[in-house]
Amino acid sequence: MNTLTIIQPDDWHLHVRTGAILNTVIAHTARQFKRAIIMPNLKPPVTSVELALNYRDEILQALPKDSEFEPLMTLYLTNQTTVDDVKKVAASDAIHAFKLYPAGATTNSDAGVNNVTAVYPILEAMQQHNVPLLIHGEVTDEDCDIFDRERVFIERYLTDIVKQFPALKIVLEHVTTEEAVQFVESASSNIAATITPQHLHYNRNAILVGGIRPHHYCLPILKREKHRLALVKAATSGNPKFFLGTDSAPHLTHLKENACGCAGCYSAHAAIELYAEVFEKENALDKLEAFASFYGADFYGLPRNKQTITLEKQNWTVPASYGESDIMITPLKANETLAWKLI
């Protein structure tokens, strides 16, 4: 197969930041995806409908001329979120979910939830008004090994959330473990998960072997090979509970290559190509369209896209960086060759 044409995909987990970084990266997403769920972990976080609509306007202004890309906004769930906030989100056509970050779990998550059970009244309102909950599923206890944080979160919190709110739509974001895959597979149809390209391509050796590789450092952190294989199997299985969410996270190169480098992989420059490589290796290219273009839209109750994109079997080299002067971003697979190219 030398070309592959699929319905235009959507990205169900995306960071685009703001200001100059937003202006640098948004075109990469817009050229391949029709829609994307936009993460709200800015500084300050996007905690109200007004802030989300302002952020949406900034994204739309940054898009290339004539782009039809649609940002799907979310609100940052905090201990100060109210039932009235939930009602406002439910009434908005532009805002599609709340995002739960355990406090301190990842980039700009300090304002996150520090007591999950304390927000149960908000989750009840979300269930009542059919507003999805997106979860960064990690505990942040200092005594919990970083490679166990996702598993412990599922055992300690997510199992009870699902039990207490059986009708609540939940997306367990960027799953990284065999246990997370098994949990989602065994749960009801209103529980789903996104899977990133980095967690499909790499295991934890990619961060550590041959020296520290900061551009492979993300949260949740890459895991053992058995977990990567479980993710690949889930993504290519045709199970509609698993769909595309890049978690593409642009950070300036000098902040990644730092004594305390920040977490996140930038993949928006070649997201669909990165997924295509994985699916091809599994002889599952026929499953890519549904994973990338159908399952997420169906879960969120949105119409499937009608436009198409075409990938061509063509080697190309990923640039060393994107941006210029003080806005330099090192992409995933920098200076490496990819086998598929969006045309």
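Remember, predicted model here, so these are calculated numbers, not experimental data. All heavy atoms count here, side chains included; hydrogens, waters and symmetry mates do not.
- No more than 12 heavy atoms of other residues, nucleotides or ligands sit less than 6.0 Å from atom CD of E68.
- Remark: M1 CE to L311 CG distance equals 10.5 Å, nearest 0.5 Å.
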F98 vs Y76, ring pair (Phe, Tyr, Trp, His ring centres under 6.0 Å): CA-CA, chis, key distance, verdict: CA-CA 6 Å; F98 280 88; Y76 193 118; over 10 Å; no
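- Here the closest heavy-atom approach between residue T47 and residue T78 is recorded as CG2-CG2, 3.9 Å.
- Hydrophobic clustering, with ILVMFWY side chains joined whenever heavy atoms are under 4.5 angstrom apart, groups L222 together with I146.
- Within the 4.5 Å cutoff, the side chain of T196 has no heavy atoms near those of the T246 side chain.
- Pairing each heavy atom of N305 with each of P9, the nearest pair is ND2-O, 3.9 Å.
- Residue pairs meeting the side chain to side chain donor-acceptor pair (under 3.5 Å) criterion with at least one partner in residues 267-277, sequence neighbours excluded, do not occur; the list is empty.
- Proximity of L172 to I191: side-chain heavy atoms (C-beta onward) are nowhere separated by under 4.5 Å.
- Taking 4.5 Å as the limit, every side-chain heavy atom of Q80 sits out of range of all side-chain heavy atoms of D85.
- Counted by atom type alone, T81 and N79 present zero donor-acceptor pairs between their side chains at under 3.5 Å.
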For residues 319-343, please give each side-chain donor-acceptor pair under 3.5 Å, one per line with the distance, not counting sequence neighbours.
residue: T330; atom: OG1; partner: T253; partner atom: OG1; Å: 2.8
residue: W340; atom: NE1; partner: E280; partner atom: OE1; Å: 3.0

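- Between the side chains of S188 and N190, at least one donor N or O lies within less than 3.5 Å of an accepting N or O.
- Under the 4.5 Å side-chain criterion, counting only non-hydrogen atoms from C-beta, T308 is not in contact with I6.
- Closest heavy-atom contact between A297 and W12: N-CZ2, 3.3 Å.
- Looking at P40 and Y101, their side chains come closer than 4.5 Å, going by heavy atoms from C-beta outward.
- Side-chain contact check for T5 and T310: at least one donor-acceptor pair (N or O, by modelled atom type) lies under 3.5 Å.
- Note that CD1 of I95 is 11.0 Å distant from CD1 of I37, once rounded to the nearest 0.5 Å.
- When only modelled atom types and interatomic distance are considered, K223 and T176 share a side-chain donor-acceptor pair under 3.5 Å.
- Qualifying ring pair (Phe, Tyr, Trp, His ring centres under 6.0 Å) partners for Y217, counting only residues two or more places apart in sequence or in other chains: none.
- Listed by chain and number, the residues in a ring pair (Phe, Tyr, Trp, His ring centres under 6.0 Å) with H96 amount to none (sequence neighbours excluded).
- When the shell of 6.0 Å around CD of E50 is examined, it contains 12 or fewer heavy atoms from other residues, nucleotides or ligands.
- With sequence neighbours excluded, no residue satisfies side-chain hydrogen bond (donor to acceptor under 3.5 Å, both in side chains) with R204.
- Between F33 and L244 there is a side-chain heavy-atom pair separated by less than 4.5 Å.
- Every residue was checked against the ring pair (Phe, Tyr, Trp, His ring centres under 6.0 Å) condition with F183, not counting sequence neighbours, and none meets it.
- A pairwise comparison of heavy atoms in F242 and V181 identifies CZ-O, 3.8 Å as the closest pair.
- Rounded to the nearest 0.5 angstrom, S67 OG and L60 CG are separated by 9.0 Å.
- For the atom pair CD1 (I38) and NZ (K99), the distance works out to 11.5 Å, reported to the nearest 0.5 Å.
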Is there a side-chain contact (heavy atoms from CB on, under 4.5 Å) between M73 and I59 once you walk through the steps? CA-CA 10 Å; M73 310 311 293; I59 294 169; 4.1 Å; yes
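- Between the side chains of H174 and H136, a donor-acceptor pair is found at a separation under 3.5 Å.
- Looking at heavy atoms from C-beta onward, E225 lies in side-chain contact with L229 at the 4.5 angstrom threshold.
- Considering only residues two or more places apart in sequence or on other chains, D57 meets the salt bridge (charged side-chain N to carboxylate O under 4.0 Å, His left out) condition with none of them.
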Give the C-alpha distance, both sets of side-chain angles, the deciding distance and a yes or no for side-chain hydrogen bond (donor to acceptor under 3.5 Å, both in side chains) between T3 and E312. CA-CA 4 Å; T3 62; E312 185 175 67; over 6 Å; no
Validation: residues 122-134 side-chain donor-acceptor distances under 3.5 Å, sequence neighbours left out:
residue: E124; atom: OE1; partner: Q127; partner atom: NE2; Å: 3.4
residue: Q127; atom: OE1; partner: A167; partner atom: N; Å: 2.9
residue: Q127; atom: OE1; partner: L168; partner atom: N; Å: 3.4

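- Contacts classified as side chain to side chain donor-acceptor pair (under 3.5 Å) and involving residues 284-299 (residues at least two apart or in different chains) are given here: D298-R304.
- Contact of the P303 side chain with the K306 side chain is not registered, since no non-hydrogen atoms from C-beta on lie closer than 4.5 Å.
- Within the 6.0 Å centre-distance limit, the rings of Y120 and F165 are counted as a close aromatic pair.
- You'll find the ring centres of H199 and H201 outside the 6.0 Å limit.
- The existence of a salt bridge linking R151 and D145 is excluded, since no basic side-chain nitrogen approaches an acidic carboxylate oxygen closer than 4.0 Å.
- D10 is linked by a salt bridge (charged side-chain N to carboxylate O under 4.0 Å, His left out) to R35, counting only residues two or more places apart in sequence or in another chain.
- Side-chain atoms of E173 and T194 form a donor-acceptor pair, as typed in the model, at a separation below 3.5 Å.
- The two residues T74 and A52 come nearest to each other via the heavy atoms O-CB, 4.4 Å.
- Among pairs with a residue in residues 22-34, those fulfilling side chain to side chain donor-acceptor pair (under 3.5 Å) read H28-Y266, at least two apart in sequence or across chains.
- With sequence neighbours left out, the ring pair (Phe, Tyr, Trp, His ring centres under 6.0 Å) criterion links F279 to F291.
- Side chains of H15 and N41: a donor-acceptor N/O pair is present below 3.5 angstrom, by distance only.
- Here the shortest heavy-atom pairing between N115 and T117 reads OD1-OG1, 2.8 Å.
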